[in-house]
Amino acid sequence: MTRDVAGIGLGLRHDLATELLERHPKSVAWVEIHPENYIDRGGRYQEMLELAREDWPVVTHGLSTCLGSVEPFDASYLKELGAFLKDLEIPWHSEHLCLGGVDDRFFHDLLPLPFTDEAAQIASKRLTEVRDAIGIPLALENVSYYAPQGPDGLAEADFVVEVLERADAKLLLDVNNIYVNGRNFDFDPKAYIDRIPAERVVQIHVAGHFVRDDGVRIDTHGEPVPNEVYELLDYALRKVGPVPVLLERDNNVPPLDELLSEVDELWKIYRNATWADDAG
Ligand SMILES: [Fe+2]
């Protein structure tokens with residue numbers, strides 16, 4: 001039976017997993033995993049996943065099934081992914097709205113799509129294909145990018161909405177990515193969130209980012225969450241209601257207590273924003 005995912009979650013990343021599983025902090029309400037780290041892998045990984053499932057609801061977030069690439073998916077991988085997700089009994093799965101490779105080369109990076117009608121058409125078709133293969137709801141995640149778009153494309157928020165509506169899909173709203181893109185490409189992150197259909201949002205990601213000397217912001221998941229991203233989270237939660245929020249930290253991972261103080265801050269924002277929502 002699917003377990004409820006609510007409140008603040010943390011990624012079950014390898015650097016943290018042993019301590020997280022031993023301490024089982026009460027403030028962590030659920031965990032997120034990358035299926036690529038577990039499929040076809042037994043041993044310690046399988047053991048950690050089983051321990052995590054005893055304590056928490058688990059949600060999955062894929063890294064390799066990029067929705068905007070043009071080459072056919074690996075059908076056998078999609079089958080394996082579907083079986084893995086079914087076994088976990090999770091409420092939804094998410095993948096990135098990006099390009100992951102070309103000519104059989106995988107870049108291990110989330111490359112941006114052109115925000116065009118053609119790209120929206122391709123991505124929505126692929127999203128439907130993955131969703132059919134896994135048999136559960138699929139959310140796309142908005143990504144960060146650093147190359148300017150051509151002059152004829154859509155605004156980023158319009159592009160994301162176009163794909164969501166064509167595919168009738170869910171959204172994993174990454175507020176740090178919106179903030180980073182907004183600062184790098186001079187748009188208002190709150191106007192972006194206003195454009196998003198609230199009822200499609202099933203999950204939120206929050207993270208920190210690196211600010212280069214020239215002011216460019218890089219989505220590293222390697223810094224504490226800055227105040228501006230906390231503020232944008234508050235804004236988003238007031239719009240979309242109490243959807244689960246994940247703290248992403250993949251690099252420069254600090255001691256667990258430091259992350260737990262960020263989790264506490266997220267709870268404060270979550271409770272305030274969603275009470276306000278309830279009251280409104
Ligand atoms: Fe994210």
Side-chain angles (χ1 to χ4, degrees), residues 5 7-16 28-37 58-68 90-100 107-113 123 127 130 137-146 156-157 159-160 163-164 169-185 189 192-193 196 200-210 217-226 228-237 240 243-253 259 262-263 265-266 269-270:
V5 182
I8 311 302
L10 201 55
L12 189 70
R13 308 297 185 248
H14 194 258
D15 292 348
L16 289 173
V28 175
W30 54 281
V31 295
E32 185 191 80
I33 63 160
H34 301 312
E36 289 85 348
N37 291 340
V58 173
V59 162
T60 53
H61 180 48
L63 298 173
S64 59
T65 308
C66 296
L67 299 170
I90 53 163
W92 64 80
H93 174 63
S94 59
E95 295 282 351
H96 298 93
L97 182 58
C98 71
L99 181 75
F107 292 118
H108 298 283
D109 213 338
L110 309 174
L111 305 176
L113 296 171
L127 195 152
V130 177
L138 178 63
L140 66 85
E141 182 185 17
N142 57 293
V143 298
S144 54
Y145 56 95
Y146 306 96
E156 184 194 339
F159 176 71
V160 170
V163 179
L164 287 172
K170 305 293 183 194
L171 177 65
L172 193 180
L173 182 73
D174 189 313
V175 291
N176 178 58
N177 289 347
I178 295 175
Y179 183 78
V180 163
N181 294 346
R183 290 299 299 269
N184 288 342
F185 294 104
Y192 184 126
I193 287 169
I196 294 298
R200 295 198 184 272
V201 180
V202 288
Q203 185 184 339
I204 292 178
H205 270 176
V206 174
H209 58 266
F210 180 70
R217 288 168 193 257
I218 310 286
D219 172 35
T220 53
H221 298 180
E223 310 289 326
V225 180
E228 297 89 336
V229 173
Y230 281 132
E231 279 167 27
L232 195 59
L233 170 68
D234 178 82
Y235 187 81
L237 283 169
V240 304
V243 302
V245 175
L246 182 92
L247 174 62
E248 292 192 288
R249 186 66 181 256
D250 299 307
N251 295 301
N252 284 336
V253 179
L259 283 188
E262 288 187 284
V263 167
E265 186 59 33
L266 291 170
I269 293 166
Y270 184 86

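We use all heavy atoms of the structure for the numbers below, so side chains are in, but hydrogens, waters and symmetry mates are not. Atoms within each ligand, like the ligands themselves, are counted from 1 in listed order.
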Pairing residues for [X] by the salt bridge (charged side-chain N to carboxylate O under 4.0 Å, His left out) criterion, not counting sequence neighbours:
X      : result
Arg13  : Glu32, Asp250
Glu265 : Lys268
Asp234 : Arg238

- [ ] Would you kindly say whether Asn142 and Glu156 are connected by a side-chain donor-acceptor distance under 3.5 Å?
- [x] no

| Using the ring of each side chain (for Trp, its six-membered ring), is Phe185 parallel, tilted or perpendicular to Tyr145, with breaks at 30° and 60°? | parallel

Count of protein N, O or S atoms below 2.8 Å from the Fe ion (ligand 1) equals 4

message = I'd like to check Leu172 versus Ile204 (side-chain heavy atoms, cut-off strictly below 4.5 Å). Are they in contact?
response = no

